[in-house]
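The residues of the chain are indexed from 1 along the displayed sequence. What you see is a predicted model, and the numbers here were worked out from it, not measured in a lab.
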Amino acid sequence: MSSAPMPAAFIGHGSPMNAVERNRYTDAWRAFGRAVPRPAAILVVSAHWYINATAVTAMARPRTIHDFYGFPDALFALQYPAPGAPELAGEVADVVAPCWVGTDVDSWGLDHGTWSVLRHVYPQADIPVVQLSIDETQPPSIHYEVGKRLALLREEGILISRL
């Protein structure tokens, strides 16, 4: 592994249909996956998981969530079976202390904002992925502090992304 920290990336997913299409966006996502070092795991801050707490997925096999409607059946049939990383979820909770982070073992998974992009960036779905919620009850300053603390994980080969 390189001595440089893994990048932090913002990748807007656009239409859920990008998951099944090939276009300039999906080509750019694939190029990004080839350009960065292979991460040990991926931590995604998910705008689709906007709840009244800070939580992190902690299951070994997160489910693929189809959190949209009105799209073709082919989109609903897609799965992104990336493994989870319960140990990373615990580390996320430790790193952001004293901010509290709950661990979710069964209610969430990988929402379309995550898997619709990652299926192009890492199509083999063989890199562990955890998602972090956005706490709707906290001001931007708290989210900024959490982000600063999470940056330490980049030194461990964790790719941090907002998808």
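- Note on residues 12-32: pairs passing salt bridge (charged side-chain N to carboxylate O under 4.0 Å, His left out), not counting sequence neighbours, are Arg22-Asp27.
- Under the 4.5 Å side-chain criterion, counting only non-hydrogen atoms from C-beta, Asp135 is in contact with His143.
- Residues Thr64 and Leu110 have side chains not in contact (no heavy-atom distance under 4.5 Å, counting atoms from C-beta outward).
- Other residues, nucleotides and ligands contribute more than 12 heavy atoms inside 6.0 Å of the CZ atom of Phe68.
- Apart from Ile51 itself, the hydrophobic cluster it occupies contains Trp49, Ile65, Trp108, where clustering links Ile, Leu, Val, Met, Phe, Trp and Tyr at side-chain heavy-atom distances under 4.5 Å.
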Evaluation steps, side-chain hydrogen bond (donor to acceptor under 3.5 Å, both in side chains), between Ser107 and Asp104:
CA-CA 6 Å; Ser107 71; Asp104 174 35; 2.8 Å; yes
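- Within the 4.5 Å cutoff, the side chain of Pro83 has heavy atoms near those of the Pro128 side chain.
- Other residues, nucleotides and ligands contribute only 12 or fewer heavy atoms inside 6.0 Å of the OH atom of Tyr69.
- Proximity of a side-chain donor or acceptor of Thr57 to a complementary backbone N or O of Val130 within less than 3.5 Å is not detected.
- Using a 4.0 Å cut-off between charged nitrogen and carboxylate oxygen, Asp126 and Arg38 count as a salt-bridge pair.
- With a 4.5 Å cut-off on side-chain heavy atoms, Leu132 and Val101 count as touching.
- Under a 3.5 Å cut-off, the side chain of His66 and the backbone N or O of Leu78 do form a donor-acceptor pair.
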